[in-house]
Each structure stands twice: as C-alpha cells, then as structure tokens.
Amino acid sequence: MADILSPVVPKNRRCTLERIEKFISHHYFTDVNIFGRLNRSSENIESILHYGPTDRISISTVIQDLSAFKPVKTGDSFGPTFSTHWFILSFEVLSSWKDEDVELEWDSGCEAMLWRDEVPFFSFTPQEDEGCRKSYRLSKEEKKQKRLQYVVEMACNRELGEGSPTMISPPDMNKKFSLNKVRINVKNKDLEAIFLDLQVLYDITKTLGENNQRGIEAMFVGNQIINTLVMQEWSDHAVKESRDLSKSYFSERNHKLQHHVHAMGHCHIDCAWLWPYSETRRKCARSWVSVLNIMKRYPDFTFVCSQAQQFAWVKSDYPQLFEEIKTQVKNGRFIPVGGTWVEMDGNLPSGESMMMQFFYGQKFFREEFGITCDEFWLPDTFGYSGNFPQIMKESGIDCFLTQKLSWNLVNKFPHHTFYWQGIDGSRQLTHFPPGESYGMSMKAEELMKTLNNHKDKGRSNSSIFLFGFGDGGGGPNDFMLERFERMKDTAGLPRVEMSTPKKFFEEVKTKSSNLCSWVGELFLELHNGSYTSQAMIKEQNRKCEVLLHDLQLLCTMAWCYSRYNSNKYNYPHEEINEIWKKFLLNQFHDVLPGTSIEMVTTDALKLYDEVIVTAAILMKKGKGSLGFGDSGGVCPVVINTLPWKRKEVVSVKGELAYVECQATGYQEITDCNYTSAVVALEMENGDLMLCNGLIECRFDKCGRMVSLCIMTSQNGVVCKQECVAKDKYANQFVIFDDVPLYWDAWDVMDYHLQTGKHVTELVEPLCLSGQSKLQVSCKFSLMVGKKSKITQTISLDVGSPLVKFKTEVSWNEDHKFLKVEFPWNIQTNRATYEIQYGHIERPNHQNTSWESAKFEVWAHKWADLSQHNLGVSILNDSKYGYSCFGNTMRLSLLRSPKSPDANADMGDHVFTYAVMPHKGTFQESEVIQQAYQLNYPMLVDYTSCRTLGYSFAKVSRKEIILESCMKSQMHSNAVLIRLYESYGSSVQDVTISFPNLNIEKVHRCNTLEDLKGEIKVEGNSFTVNFTPFQIKSFICTCYIITSLE
Ligand SMILES: [Zn+2]
C-alpha cells in the first residue's frame, strides 16, 4: 500500500536525517514520537518519608529511629550542598506488573544510593544518557511481593561537584536539590529496543557522512522503520517488522581485518577534587554497585578499575559489596588495574614515593584478589616522569595506559601505540586510547574517532576503548551496553569486543610490527601551573618524604640494635604502613597538583599533620631504643640519615657548631677545624659582601645578588670567577600577571612571561643579621604586589658551597605569580633538572614548538645551568616549578589562583632555596649531594656519652645513592635497601657495607620485594655494578648487629 501512495523517495539527506533525530528526541514532539512512548505508564510514589539533613553517617544509624522520618512529596527540595538526606519509599506491587519491565525512577538532580535491608544494590545519578535516565529495574522476585520498601541515601552533590558559576569555580555551598521524579514506570520493552536501534542508526548516519554507503543505508533503514511504525499505527506487527529491519542492517558483518577495538567499562573516580575524600568513598560504592548490577544482565561485560585505596575504602565501608566485587574479580570481569595505591601525580612525587605507590597498590591487589597488575594505569595526570618506564619495570609492570597527552595545547603527540623509553633505557609498551577519553559512552562517533585518529595504523590494528561516566556519573549504563550489542560487529564500524587490558596488550605484542619509540619524559603541554599551586601541600609533601625516609632508617637501625641488646624494640610496620597510605593518598592527581576545592586542601593538610604527629612519636621511640632522647643523657650528637660523610654547621641549643658525621649514622658533636672563617663586609656603596673562602657574593640594599664568585687559589694567588651576568641582578624577585584561559589553578600560559615586573619596593633595606666565624647572614624586606611582603635571610656557612635564601612571604595577591630569577654568566643551550632517581635535560630556548611549549617545567630538589667550565645550580626545599630562557633561570615560588579554591595560597609561607656555583660538572661538584643535604638536615639529639660515632650503612661510590632503608615487610629478619645511580654513568664494583651488621644473605629484589637472585656476600658487605640511572633494591637478611660503636 505504501508503494502506491509514495512514489516519492526521500532524496534530501538533511530532511531525512532530522526526521530520525526528531523521532527519537527527548525535547521535540515527545507527544507523538517514540521517546514519548517508552513508558506504558508512569505513576508517582506517594509514600515518601524523609530524614535529614545528616552528615555522611551509616544506614544502620539512620534506621534506628524510624519515627524521625516525616512525609514529603515530589517537588520538595533538600540541601545544602554536600549534606545527606534519607528517604523511605514504599509502594504496592500490582499483579499486572508480572510480565512487564517495571522500573523505579529516581531523579533528585544529584547522586543517590538505593538500599534494601541495609544492603546497597543500585545507585542513581544525575547524568542522563541522551535523555534516558538510569532507573532500577525490579527483579522477578520483587514483582512477586505485595509491597516493596527501599531506602534512598541522597548525596547533595553531582558528579562534577557544585562549582558556581562554572564547573571549576568554588562550590555553591547552599544548593538545594528537588525530588523531580520519584515514580514507577512500566516500560515498553519493544519500543525501547527500536528507540535504541534508531539512536544507533542515526549516530552511524551522522558519523559516516554522506559519502559512505553504510552511512546512507543506515539512514534509509531508520526512515523505513519510522514509516513502518507510523503507517501501521505502532501495531505489534509493525514493531516486529521494524526490529527485523534494524537487525538485518546490524548483522552485516565486518571483514576480519577491520580495526579491532577492545572495549572495557571504566569509571574514572578522582579520589578528591571538586568534592572531599569522604564523598569519594560513597562515589566508589555507588558506581560499583551499578557495575555489579549490569554484570548480572550483560554476561560479556568487563570493567576495569584502578586505585587500591578506593577498593580499601569500599572494603571498610561496604563489606558486602566488596565480597561481590571479589567474586567478579575471580570471574575475570571486574578487573583491578594500575598497581598503584592511587592514580598519583606523575611529576612531583619522589622516586621513592612512586615506588611505594606501587608497593602498597600491588600488595593490596595480591592480598585481596591474588592479582599482580601487569599494566600501569594513569589516564589523567599532568605529565609523566622520564623515569616511569624503569619504576614500572621494577614494580612488576610491563605496559602502560594513559591518554592525557591528547590535552596538549601546542603539539599533537604523534603516537597511540609505541614503546616509551625512560632515562635508564627501560622500555614500556604504551597505549593512548585514540578516542582520547576515558569516559566514552559507546557511540558510533567515538568508535570512528578511535579508528580514524589512531596514529600507528599499519603498525598496530587494535585500540582500547574505555566507556562509562566517571566521578559518580555511575560508570557504564544499560544504554551503552545495548548500543554495544548493535555495533559490535557491523560492517562500516570497527569490530568491538568486550576485552581486558591483558588481551589488548597481548594482541599488540604478537600482532604489531615496526612500533616507534618515544624517548624521555611525556611532558604535558598544559596545566604547568600545577607545579606551584597550593604551596603548602607541596611543602608538606616534600617534608613528609624526608620524614618517612628518616623514620624508616632510624626504626631499622633501632630494630637491628634491639636484636643485639634484646631491648624488645618492634619495628612499627603497621603504624608506618598507615602513615604511608595517608601520605600517598595526598599524592592523588588533583591534590598534590593543587587543583582541588578548599575542603580538599583542609583535609589534605590534616592528613599531613597526622603523618607528622605519628612519625614524631615513632621516631622518638626508635631513637629512644638507640639510646637517644631527652632521658638518654646530656651529650649532643648529630644524626646523618644520608649515605655519605658530611660536615656542616648545625644549631645546638641555639649555639652554632661546625660538625662532622658519618654516613647513615651518628656522631658525638665535636667542633671541626676549618681553613677559612666566614666573613661579612659592608662596602662603600652600601652593598654587603659575604665570603667563606670558597665563594664570595655581594648583595645590594634590595637583596639582589650583584656578584657571585667562585674562589680558587693557584700558586697562592686567589682567582675569582664571576657567575652573575654582566649588569644583571640575581636573586631578583619578579611578579607576573597570571590569568589563564580557563583552568585557573592548573594553568599558567606562555603570555604571563610578557607581564613580569621586578620587585624592588623596599620595606627594610639589607642589613647584617648574624655574624660569627661559622655563619654570616643578612636580612631585608620588600613589598610585593599590592598586599604582600617578602622577608628574606641570606646566609653563608663556613666550608659550604651554597648561599642559602630563607624566604618568608606574606602572600595576599589575586592572579599573580611570584618567581625569583637568576641571570648567570653562562652560555649553553640546555638546562638539567632533577627528576625521580635521576635527571633530564630540557632546552632553554624556543627553536621548535615542542621546545617553546616547555616554558614552565618541573624539577625536584635542584636544577642546573652549566657550560663547560662553569655552572650554577638552584636548589630548593619545597618548590617544583622552574623556567629557563637563555642564561636566566627562574624558580617559581607562589601563585594565587581563585578556582577551584578561592583562598588558595593566601597567607604565610616559609621556604628556602640556595644557589651553588661550580667549576666542574654538577656531578663532580656534588650538586646532587648538596641538594639532598639541604632537604635532609642533620638531626641533633642527646645521649649518655657512650659513643663516638656509628655508621649503619656505607656505599663505596658517591655516584650511587642509598635512597631508602627499611625493614622488609615480606621477608623476616631482613632489611630492604634501595639504591640508584645518580650521575648517569656506569659504575663498576660498588661495595655496600653494613659495618656493624652480620649479613647472612643478600638478594636482588623488585619494588614488591619479590626476590630476583642471590648476591655473594663477603663479610658484612656485597659488591654490585650499576648502569646509568639504574635503580636496584636488595633484601639483606641479617642476624645480629655486633655493636653500636
Ligand atoms: Zn582524574
């Protein structure tokens, strides 16, 4: 009949395409289109009882007193932001529902968990999928009941927080959320299936475009389905015919050589960001309860999930849910990935922190699931250290997934599947999902982007595709799975399969050829302000890294000693594990970078306090066991936690002393000799000159360094080599305008460099503030910006190659960036920066777009600018941002972004940086050792005068740094030590000795303490070789410490 009445065939593409669009629209024509018919009936739930607002309390606390619940109705509003409200829903089950699809729809515009009998079993999200809302489908068992009763735990926040007016603005703390819909829908299953068919056909038509045969066919099939339904007035026959039309289309298969997409459900949950940690614990439960629910209905569905910390939260707060997860892990469907405690920042944590991320992550996955992750998973961090490939290798990892480099502002990264080679030469097979997202929603458009955008075609024919709404958006939903069913193998689209990272990487390993390599760091050309934002968090991060190092070493020494004198000291494994985990949590990729809301800053600083307080108690016990402490005696000793002998000025009860201490040990304080006292001279022009025989420096009244000379003596004649560039000032503070394009706390843009103003407004001119033979110091104050003040104390110690700048800033600016600059008398085309267990070079010029994009970079304790016979390093105790152009190196000090934390960095800051001029290379001149010494000050304590000195561990070569020492967690009576080659050289025959320890056996091991072969022990030492930047860990089984002398 249709043929007779419609001689006209659709010819205008746009018209036909839009017809389909309107037919499935949730905005237009819903009175007549298919969207408006998806529910056969909808009925509001009338009995809603409410209790709240409450904090994030347990359901068992809430339901203890049901009389506290009061009736409310749809349309009522609840708040404020981040509060919790509880609802009891009850309704009669109708007999007519028996053979129907019946759904409970909850729309409060925020996240919510559904409970039954105190068990969480479903979650609601404010996130819609093309107008469709995730609703709870009643089970057969439930439909047999007479009445049903559920509890809803409503969290007054959405998946991306409550920033106002923009997503990243500080949250509106007074938001209210209203119960838009609380109802029972009887679904029209068949029409829902056709609706999804049309949605996919429409998506394919749009994606494949007007020149593609399959794309045009999809449009005609869609049009024909609409005609069929309309002409036959939505009859059962029309429904069947429509389904057959789409099935026929989707069942046209691909050629086996078509691109292979490995799809995996995923749900990226930030541990804290635009909401606090405590909300994330619930976000995880809500998302994963949903995932488990979908697994019951879609037997092929796989889900990948990272971050041991989040599993640990769910284990503690939702034990029943955790057991279900364990079952699905066993089934290979809920797949723990990544191997780290949290998805940490990829730039700022120390090498040892990164190792511990893997240690605690992999340990958790092994203990709970019997799994060791093979792949490192870090989709969303702001750059990737050049030593990651080795750190991964040491942690049982042999491939890597990320995608954040697709955010590069300047250069398009040229690969999606490649080998990433680190500074030591280690290589890791790496994949960036070419869809450039870790939260896709299974659309034809995303599949085609995955195919078309793939930069390594011809080398590899597979990609990973991660789908699911993150951050509390509920992960994957039924609609995504239904679209997958339709598209998984239909001609014209890539072949899609539910898969796992293991399957994908195995396929790449066996089927790829000619894969390219990328050498060095993966630098993100964006978010470069995150090296500086939230200075307090960064300072605490560095301080705690040092503290944990010292604590573990001293506790290990105490444990060894206790076995000698049987003083019953127990190594505090549990407590140390606890504080490591708190500390590692704060290295999450929005916390340490300083890109979270103020609530997170407060929580993070509190966690650091807890770490510091506990560490202080443990340290006191450990030191007490070694015979130190207030009760121990009156003789002062210095403790040196670094693995080389050092000589420094320390303060003992307010008095300065120049003391020496052995490697990783302690020594009674006795004054050391020195050849040249330190002096300060006032110059005629008012400048101050400081000199210690090694260096001579001069400062003007504004504290600017007008001269820095290295002094050497040849045949009794003193030579001076000037380091400050001619007619320039070093230690010059500069303030920049700092208004990025959008991501406030994250970004500093290259144009800020055009807005620098030198800070020269004096409050107090430079004057001598301390003068002894061991140390001279001078002090000055400057006004900076409109409301801020810098007070700086410059000091020079006897025998020290460093000029130190202790800096106090009262900082109250808006969108300003404070740096300090050093123009040196040096000609070179690169600078060197310390990274995790090593260093890298970066350009100090802007030749290419790749080089100019590195206008603000990160480093750890030092950065260096050198030519052949002269160099100057800038050392710091808590800063990470640097920039270097030509001969001028700048250290980034403080920013003042206003989003997402309106008060970020406001207030008082204290930090120290230092400059170290040198004539030889930075390696020969021991810049690396000096940077450690600045960060790991010697500790002063007291004993009962029984010992002159003691060294726990010694390393025969200065290139090799003993980075950590702790009692082994996995092997009894053993000490774990980790060393690395720090100069970038090959070093033969390095002897590691424990002068007072009897060593039974030594094994090489990895981060996870898996043994990797025995090393020959001779007496109390063993000898090994190192290649450039190589990290080596050893398990040393020891039986007794022989003495403490
Ligand atoms: Zn993230």
Side-chain angles (χ1 to χ4, degrees), residues 351-352 355-356 358-359 363 394-396 548-566 569-573 576-577 580 622 625-626 639-644 662-666 837 950-957 959-982 987-1026 1030-1045:
E352 194 57 23
M355 288 297 210
M356 296 313 266
F358 281 106
F359 175 76
K363 185 163 180 278
E394 284 296 301
S395 308
L548 284 161
H549 166 274
D550 289 359
L551 173 67
Q552 290 185 145
L553 174 69
L554 287 167
C555 291
T556 306
M557 285 164 68
W559 172 73
C560 288
Y561 179 52
S562 75
R563 306 184 70 221
Y564 162 68
N565 74 351
S566 333
Y569 174 80
N570 285 323
Y571 188 90
H573 271 308
I576 290 181
N577 287 344
W580 258 116
S625 177
L626 286 166
I639 303 170
N640 171 20
T641 61
L642 294 174
W644 52 83
Q662 313 207 29
T664 44
Y666 48 84
Y837 302 115
Y950 166 76
S951 179
F952 180 70
K954 285 181 177 170
V955 184
S956 67
R957 295 290 296 263
E959 298 92 326
I960 308 303
I961 292 182
L962 172 62
E963 178 68 21
S964 61
C965 175
M966 63 191 93
K967 184 169 178 272
S968 164
Q969 301 216 29
M970 315 309 287
H971 306 278
S972 50
N973 295 335
V975 173
L976 167 79
I977 54 169
R978 191 158 17 250
L979 306 99
Y980 74 101
E981 197 290 318
S982 65
V987 191
Q988 306 291 313
D989 300 329
V990 180
T991 302
I992 296 135
S993 56
F994 297 89
N996 302 65
L997 210 59
N998 282 338
I999 304 286
E1000 198 175 358
K1001 273 182 185 165
V1002 172
H1003 285 88
R1004 175 100 154 82
C1005 70
N1006 64 7
T1007 316
L1008 319 178
E1009 300 195 17
D1010 300 335
L1011 300 184
K1012 301 280 176 188
E1014 199 170 340
I1015 313 265
K1016 199 173 142 215
V1017 182
E1018 284 175 69
N1020 52 15
S1021 66
F1022 62 99
T1023 302
V1024 283
N1025 300 333
F1026 283 81
Q1030 189 174 24
I1031 307 166
K1032 282 189 169 178
S1033 309
F1034 301 97
I1035 293 286
C1036 309
T1037 314
C1038 45
Y1039 42 99
I1040 204 163
I1041 196 162
T1042 49
S1043 88
L1044 265 185
E1045 303 293 323

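These numbers were taken from a predicted model, which means no experiment stands behind them.
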Trainee: Taking salt bridge (charged side-chain N to carboxylate O under 4.0 Å, His left out) as the test, write out the residues that go with E959, two or more places apart.
Mentor: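 Residues passing salt bridge (charged side-chain N to carboxylate O under 4.0 Å, His left out) with E959: R957.
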Trainee: Not counting sequence neighbours, which residues clear ring pair (Phe, Tyr, Trp, His ring centres under 6.0 Å) with H971? List them please.
Mentor: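 Not a single residue meets the ring pair (Phe, Tyr, Trp, His ring centres under 6.0 Å) criterion with H971.
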Trainee: Give the minimum heavy-atom separation between M557 and G665, together with the two atoms involved.
Mentor: CE-CA, 4.4 Å
Trainee: Hey, are the side chains of K1012 and E394 touching, using non-hydrogen atoms and a 4.5 Å cut-off?
Mentor: no
Trainee: Holding to ring pair (Phe, Tyr, Trp, His ring centres under 6.0 Å), I want the full list of residues that pass it with Y980, two or more places apart in sequence or in another chain.
Mentor: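 Per chain and number, Y980 pairs via ring pair (Phe, Tyr, Trp, His ring centres under 6.0 Å) with Y837.
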Trainee: Is there side-chain contact between C1038 and N973, with heavy atoms separated by less than 4.5 Å?
Mentor: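 Sidechains of N973 and C1038: no contact.
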Trainee: Could you tell me which non-hydrogen atom of G622 sits nearest to which non-hydrogen atom of A558, and how far apart they are?
Mentor: O-CB, 3.4 Å
Trainee: Quick one: list whatever passes side chain to side chain donor-acceptor pair (under 3.5 Å) with S1021, sequence neighbours left out.
Mentor: none
Trainee: Distance check, rounded to the nearest 0.5 Å: S956 atom OG versus D989 atom CG?
Mentor: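 Interatomic distance, S956 OG to D989 CG, rounded to 0.5 Å: 8.0 Å.
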Trainee: For the residue pair I1031 and L979, establish whether any side-chain heavy-atom pair is separated by less than 4.5 Å.
Mentor: no
Trainee: Yes or no on side-chain contact (heavy atoms from CB on, under 4.5 Å) for I1035 and L1011, after CA distance, side-chain angles and deciding distance?
Mentor: CA-CA 8 Å; I1035 293 286; L1011 300 184; 3.8 Å; yes
Trainee: Would you indicate whether the side-chain heavy atoms of F952 and L553 approach each other to under 4.5 Å?
Mentor: yes
Trainee: The criterion is ring pair (Phe, Tyr, Trp, His ring centres under 6.0 Å); which residues satisfy it with F359, sequence neighbours excluded?
Mentor: none
Trainee: What I'd like to find out is whether the side chain of P643 reaches to under 4.5 Å of the side chain of K954, using heavy atoms alone.
Mentor: no
Trainee: Nearest 0.5 Å please: distance from the CE atom of M356 over to the CD1 atom of I576.
Mentor: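 It is 9.0 Å, given to the nearest 0.5 Å.
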Trainee: Less than 4.5 Å apart, side chain to side chain, heavy atoms only: is that true for V987 and N1025?
Mentor: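 A side-chain contact under 4.5 Å is absent here.
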Trainee: Quick one: does any side-chain atom of S993 pair with a main-chain N or O of P995 as donor and acceptor, under 3.5 Å?
Mentor: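 No, because the side chain of S993 does not come within donor-acceptor range (under 3.5 Å) of the backbone of P995.
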Trainee: Using the rule given for side-chain contact (heavy atoms from CB on, under 4.5 Å), can you reason through L962 versus I977, listing the C-alpha separation, both sets of side-chain angles and the distance that settles it, and then say yes or no?
Mentor: CA-CA 7 Å; L962 172 62; I977 54 169; 3.7 Å; yes
Trainee: To the nearest 0.5 angstrom, please state how far the SG atom of C555 sits from the CE atom of M966.
Mentor: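 With rounding to 0.5 Å, SG (C555) is 12.0 Å from CE (M966).
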Trainee: Can you see which heavy atom on V1017 is nearest to which on E1000, and at what distance?
Mentor: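 Closest approach of V1017 to E1000, heavy atoms only: CG2-O, 4.3 Å.
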Trainee: Who pairs with Q1030 by side chain to side chain contact (heavy atoms under 4.5 Å, CB included), at least two apart in sequence or on another chain?
Mentor: Q390, R1004, F1026, T1027, K1032
Trainee: Name all residues meeting the salt bridge (charged side-chain N to carboxylate O under 4.0 Å, His left out) criterion together with K1001; count only those two or more places apart in sequence or in a different chain, and write none if there are none.
Mentor: none
Trainee: Applying side chain to side chain donor-acceptor pair (under 3.5 Å), can you list everything that pairs with E981, at least two apart in sequence or on another chain?
Mentor: S985
Trainee: Only counting residues at least two apart or in another chain, list the ones meeting salt bridge (charged side-chain N to carboxylate O under 4.0 Å, His left out) with E963.
Mentor: none
Trainee: Can you name the nearest heavy-atom pair linking S395 to L1008, along with the distance?
Mentor: O-CD1, 3.6 Å
Trainee: Over 60° means perpendicular and under 30° means parallel, so tell me whether Y666 and Y950 are parallel, tilted or perpendicular.
Mentor: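 Answer is tilted, since the angle falls between 30° and 60°.
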Trainee: So do H549 and E352 actually touch side chain to side chain, heavy atoms under 4.5 Å?
Mentor: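 Contact flag for E352/H549 side chains = no.
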Trainee: Is the backbone of A663 close enough, under 3.5 Å, to the side chain of S951 for a donor and an acceptor to pair up by distance?
Mentor: yes
Trainee: I want to check something: taking the side chain as every heavy atom from C-beta on, are V975 and S968 in contact at a cut-off of under 4.5 Å?
Mentor: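 Answer no - side chains too far apart.
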Trainee: With sequence neighbours left out, what residues match N1020 under side chain to side chain donor-acceptor pair (under 3.5 Å)?
Mentor: none
Trainee: Identify, with sequence neighbours excluded, every residue that meets side chain to side chain donor-acceptor pair (under 3.5 Å) alongside D1010.
Mentor: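 By the side chain to side chain donor-acceptor pair (under 3.5 Å) rule, D1010 matches R366, N1006.
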Trainee: Can any side-chain N or O of T664 pair as donor or acceptor with the backbone N or O of A953 at less than 3.5 Å?
Mentor: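 Flag set: sc T664 to bb A953 pair under 3.5 Å.
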Trainee: Looking at CG of L554 and SG of C965, how far apart are the two atoms once the value is rounded to the nearest 0.5 Å?
Mentor: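 It comes to 9.5 Å.
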Trainee: Is the distance from the ring center of Y569 to that of Y561 below 6.0 Å?
Mentor: no
Trainee: Just jot down the ring pair (Phe, Tyr, Trp, His ring centres under 6.0 Å) partners of W644, sequence neighbours excluded, or say none.
Mentor: Y932
Trainee: Can you spot which of V990, T991, I992, I999 makes a side-chain contact (heavy atoms from CB on, under 4.5 Å) with F1022?
Mentor: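 The single option meeting the side-chain contact (heavy atoms from CB on, under 4.5 Å) with F1022 is I992.
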Trainee: Minimum heavy-atom separation for Q662 to N640, with atom names?
Mentor: O-ND2, 2.9 Å
Trainee: Minimum heavy-atom separation for N577 to Q969, with atom names?
Mentor: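 That would be OD1-NE2, 2.7 Å.
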